[in-house]
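The structure under discussion appears below in the form of C-alpha cells.
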Amino acid sequence: MVDRTPLVGRGAELDRLDAVIEAVIEEAAGGGGGGPAVVDLTGPAGMGKSRLLTEACRRARARGVTVLRGRATEYERHIPFRLFTDAFADLDPDLLRGPLPDPAVAPVLYGTAAGAEPAPYAGATPHPGAAPYAGQDAAADRFAVHRATARLLTALAAPPPDPGPGPGSTPGGARRRPRGLLIALDDLHWADPASLELLDHLVRHPPRGAVALVVARRDRQTAPRPAAALARGVDTGAVLRLDLGPLDRRSCVEHLAPGEPPERAARLYASSGGNPLYFLALLQGADTGAGPAAPPTGGLSALLLDELTPLTGGQRRTAEAVAVLGDQATAPLLALTAQAPDPLLLDADLGVLADRDLLRPGPGGSWRLRHPVLRTVIYENTEHRRRRDMHRRAAAAPAGAGVSAAVRAHHVERALTGWDPTAAAALLEAAGEARTTAPASCAHWLGVVLAILPGTGEYTARRRELTLWRARALSVCGELRASRDLLLELLAQVDGADEDGGLRASAVTLCASLERHLGRYGAAVALLRRELARRPAPRPADALSLGLELGSSAPHALSYGEVREDVLRTYGLALRLRNGPAAAGAVTTAALGETYDGDPVKARGLADRASARLDALTDAELADLCEPLARLAWTEFYLDRYPEAERHADRGLALVRRVGPLHLLPHLLLCKAVVHMNSCRLGSALELCEEAEGIARGIGSDELLGLVTGNKAQILIAAMPPGDPLPLSVAEEAVALGGSRSSWWTSLAWCVLGFAALYSGDHRRARAAMLRAGRGPELSGLQPTLRPLFLEALVGAAVAAGDHVEAAAWVARAEADAVRLGLPSQRASALRSAGALLAARGEAGPAAERYARAAREAARAGATLWEAQALVIGSTLAGRAGDPRGAADRWRRGRALAQAGGSLLLTGLADLFPPGPAPVLAPG
C-alpha cells in the first residue's frame, strides 16, 4: 500500500530508523549488527507516527528485509492477539511451509483456534498438525504462546532459501534469502491485553537473530504496564525511543502547501499547531470549499466529517460499515453489514471512497479507513441504532465468513440491549477460547454476561458459577485485588449449604490464595480458619481443600510449629478419604515445614514419603493439585538433594505448563534455577529466572515478583564480573517489593542485598541488611536450614570492618548450626566463614585448610559453584602458606569449574589473584 501523504521534516528520525534496519541486515549476514532491538515511536494523534512507520517499512522492504506490519484498533481491544494477528497477515505463506515451530503460536498467527477456519485476513492456513489451544482442553498457556512466538520470529528472520523458482528468484532458480525481519506495530495504545503481554515478553526477551520491533503509540494514552516495560528497555539500552513533536513552519508550508499564498499558509500552520494531520485537513477543507480555512468550532472532527458531505447515502453507509467492521471489512461482510444487496453497486461505492482517499485497501481483500482518527469520527457519528444494527448483523455472519468467536463476541457486545441467551452463549464461547491464552479478554466477556444476566432466582446458581469463573480469570491475568474483591462479594451471597456443590469452599480457597499472593498472610489464615470452623461443618472434601491451602498460607504468618497439627489433621483426612494427591500435598507441606524449621532428620523422612507418594501418582491424578511437586522440589534442594529436586521440578514444570495453575510456574522455575546456580550452571539459571520474572510480572503479584528478583539477584552476584552494579540494583528492587512486610521471602531478599552490598564493597550496608533480614542479632528471621550460608555475609562484613571479635562470634554460630543440621552445603559455608576469619588474622595455613575442606564438602553436596569459590580463594591462601604447587592446582581447578559454569565473578577474582604472593582475599 502506497501512502499518499508526503513525509516531511523527519530526517533525523529516519536516520535513526535506517541505522536500525542496517543493524538487522548486518545481523542477518552474520556480522552482529548490535544496537537496540526495539524502537518506541511516540507522539500525539496526527503527528505523523504512522507515516514515518510506513516509510521505515518501505525502506526495509526495499533492502530485502521481511516486514510484518500490524495495527491495533480502538474498538476491538478485547480480541486476543489482534495486533499481532494483523501483522502476520502480511506474512508470505511460503515462509510457513512445513510444520509450525510450535502449535502454541496458533492464536497469534490466526486469531482463532487452530484447525478452525481462519479469518479472511490471516494470509495463511493453519498447519493441520497444530493442536487446538482453546477451551478447557487447552494445552498452551499464554506464556507458552509468548515463547513460541519469539521462536517463530527468530526462524522467520533467517528462513532457508526456497529452491523453487518464483518472484524474486536468483538466476539459479532459488529465491533471494530475506535479510532479517522487521515487525512494525502501530497504534499500540489501543492494543488488547494479550498483545501487550506478548510485547512485554518480546521487549524483555528479544528474539535471537536479525529481528527488530518498531512500535508507534500515543504516550499519554498508553496503559501503564507497556509504558513501563518500554521505559525499562530504554534504561537498559534495549529500546530506542523517538518522540515526534510538531513540525516546524517551513516544513509544513513549503512541503505540504507549496501552492498556497504565504499569509494563508501561515494562518493554517498557526491553527494546526504544527500537527501535520490537522494541517492537511485544514488545507483540504480550504481547497475543496468543504470547510473554512480557519479551524471550525468542532476542530479536527468537524473537518473530517466535512469530507463525508459529498457522499451519497449508500456510500456513507459503506464508510460507516467499514468503521464498524474495522480490519474485518471484506466485501462479503460489508454487503451483510451495510445491507448492500447489489455487489456491483457496493464495488462502485468502494471505488468512490477509495478515490476520495477515505478508504485504502488492506490485506486479504479487506478495506480500511485512511486514518484511525477518521474511523473514530465516522464510528462515533454513526446514528447509534444504525450502528448497533450493523454490529448485530456482523455478529450473525455465517460460520464460513471467517468471523472467529472473539470477533463475533466483540460485535455481540456492541449490539447488546439487554438479556439475550443467544448473545450470552456467543460471549461465553469466546471466554472459553480465551481462558488460557488471553485471560483478560475471558474476564471481560464474562463481565459482560454477568452485567446482562437477569437478577431473578432461576439465574442465581449460574451467576455464582460465572462469578467464580471470572474471579479465576482475573487472578490469572494479574488483577489479584479485583479478583479478591469479587470473591468477597460472592462469599457474602453464598451460605455454604451442601447444595452449592462446593462453590463456597472453592471461593474461600481461591480468596485465601490471593490474599497469600498479595502478602496478606494473616487475612488468608483467618479466612481459612473461619471457614473450617463454620457450622454446619464443611463437607470432608471441602475441608480437605481448605486445609491444604491453610498449610500453604499459614507458614508465611506463623512458625511451622504453630500449624503442624493443622497439617497433620489434613493429612489424616486425606488418608480417610483415600485422596492420594491430597495426602501427597499434606506430607510435602510437612516436609517443607520441618526443613524450614531446621530439622533435617524429620524432613528427610517426610521427603522420602512424599517422593514415594508423588512418584506413584500419574500426571492425570496430579492435574488438579500440582503444588506438592514444587514444595517437594524446594525441600530436596534445601536438603542438598539436587538431582531429586531438579527431577521433581521438571515434572512439575511439564505438568503445570499443560494444565496450570500458572502461578506455580515461577516457583518451579526458581527451584530449578537455584539448583543450577549451586551446581554452577549460571547461564541456564538466569534463563529460568528470566522466564519466571516474565510470568510474575504478568500475574501482577509483588509477592511473587519479589521472590523472583531476590533469587535472580543471588544468581547475578555469581554470574556478573567483580564490581558490576546489576546484582545490587536487582536486590534493591526485591527489597522494595517487600516493603515493610516480614516474611521468609522478604528475609531472603534482605540477605541477598547483604551479599550484593558486600561484593560491592559496602560492608556497613551488608551488615545492616543481614540484621534486618534476621530481625536483629538473634537472627530469628533467618531460615535455620540456610543460616550458616547467610552468616557468611556477617562474617565477611565484620572482617572487612576489622572487627574480629564479632566475626568470631558469627563463625561460632555458623559452626554450631552446621553441626546440628548435618548438611554438607552448610558445613561448607561454616568452613568458608572460619577460613575468612583465619585469613584476616594472618593464619594463611589454617585458613587454606578450611577452604580445602569447604571445597570437599561442597563437592559432596554437588554445589559446584561453592566448590569453585573455595578453591579460588583457597589457592591464594595456599600460596601464602608456602604451598605453590597446591595453590596452582586449586587455582586451575577452581577457575576451570567457574569458567565452565559461567561465573564471571569467580573467573574475574581468579584472574585478579593468580597463584603466587598476593593480598589475602576476603569478600568485600
Side-chain angles (χ1 to χ4, degrees), residues 502 505-534 537-599 602-603 605-611 613-614 617 622 624-639 648 652 656 661 663-664 667-668 671 703-704 707 743-745 783 785:
S506 296
V508 169
T509 302
L510 177 57
C511 189
S513 174
L514 292 170
E515 296 283 29
R516 169 162 56 105
H517 282 90
L518 289 168
R520 290 168 45 87
Y521 310 120
V525 172
L527 178 63
L528 291 163
R529 289 203 187 281
R530 275 199 310 273
E531 193 64 21
L532 286 165
R534 279 172 61 88
R539 298 177 305 176
D542 294 339
L544 184 57
S545 298
L546 294 165
L548 288 171
E549 178 56 37
L550 181 63
S552 297
S553 297
H556 293 276
L558 309 167
S559 69
Y560 179 69
E562 295 176 270
V563 296
R564 185 179 284 112
E565 290 302 318
D566 295 290
V567 174
L568 294 177
R569 189 180 304 113
T570 301
Y571 178 59
L573 179 58
L575 293 178
R576 288 197 300 277
L577 295 177
R578 298 186 178 181
N579 189 325
V587 76
T588 56
T589 299
L592 184 58
E594 299 294 357
T595 301
Y596 186 88
D597 251 20
D599 193 338
K602 277 187 183 178
L606 289 166
D608 289 340
R609 288 163 59 188
S611 181
R613 281 191 170 274
L614 287 173
L617 293 169
L622 280 173
D624 293 329
L625 197 64
C626 306
E627 196 161 1
L629 286 166
R631 282 197 291 264
L632 178 58
W634 277 105
T635 300
E636 289 167 331
F637 164 72
Y638 293 136
L639 295 176
H648 285 117
V656 173
H663 72 263
L664 280 181
H667 294 280
L668 290 158
C671 182
E703 171 89 1
L704 193 54
L707 177 64
S743 65
W744 72 269
W745 79 262
Q783 182 177 340
T785 319

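Note that these values count all heavy atoms, side chains included, but never hydrogens, waters or copies made by symmetry.
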Note: Ala574 and Ala583 closest approach over all heavy atoms is CB-N, 3.4 Å
In this structure, OG of Ser513 is separated from CG of Leu527 (nearest 0.5 Å) by 11.0 Å
Using a 4.5 Å cut-off on heavy atoms from C-beta on, say whether the side chain of Asp566 contacts that of Arg529. yes
So does Ala607 get a backbone contact from the side chain of Ser611, meaning a donor-acceptor N/O pair under 3.5 Å? no
Measuring from atom CG of Leu573 to atom CG of Leu568, what distance do you get when rounded to the nearest 0.5 angstrom? 12.5 Å
How long is the straight-line distance from CG of Leu639 back to CG of Leu632, given to the nearest 0.5 Å? 9.5 Å
Which heavy atom in Val563 sits nearest to a heavy atom in Ala554, and how many Å separate them? CG1-CB, 3.1 Å
Would you call Glu531 and Asp542 a side-chain contact if the rule is heavy atoms closer than 4.5 Å? no
Filter on side chain to side chain donor-acceptor pair (under 3.5 Å), then keep only pairs touching residues 573-587, sequence neighbours left out; what's left? none
Side chain proximity check, Leu629 to Leu622, heavy atoms < 4.5 angstrom: yes
Please identify each residue that fulfils side-chain hydrogen bond (donor to acceptor under 3.5 Å, both in side chains) with Arg520, with sequence neighbours left out. Glu515
Rounded distance (nearest 0.5 Å) linking atom OG1 of Thr588 with atom CD of Glu636: 10.5 Å
Under the side-chain contact (heavy atoms from CB on, under 4.5 Å) test, which residues partner Ala590, sequence neighbours left out? Tyr560, Val567, Leu606
Side chains of Ser552 and Arg631: do they bring a donor and an acceptor to under 3.5 Å? yes
Which value, rounded to the nearest 0.5 Å, describes the distance between Leu546 atom CG and Ser553 atom OG? 10.5 Å
Residues at least two apart in sequence or cross-chain that pass salt bridge (charged side-chain N to carboxylate O under 4.0 Å, His left out) with Arg516, listed by chain then number, are Glu549, Glu627
Residue pairs, two or more places apart or on separate chains, that pass salt bridge (charged side-chain N to carboxylate O under 4.0 Å, His left out) and touch residues 588-597: Arg564-Glu594
Residues pairing under ring pair (Phe, Tyr, Trp, His ring centres under 6.0 Å) where one sits in residues 510-531, two or more places apart or in two chains, turn out to be His517-His663, Tyr521-His556
Would a 4.5 Å heavy-atom cut-off, applied to side chains only, mark Leu548 and Leu625 as touching? yes
Interatomic spacing from CD in Glu565 to OG1 in Thr570 - rounded to 0.5 Å: 11.0 Å
Could you report the tightest heavy-atom contact between Gly551 and Thr589, atom names first, then the distance? O-CG2, 3.5 Å
What one should report as the nearest heavy-atom pair of Ala524 and Ala512 is CB-O, 3.4 Å
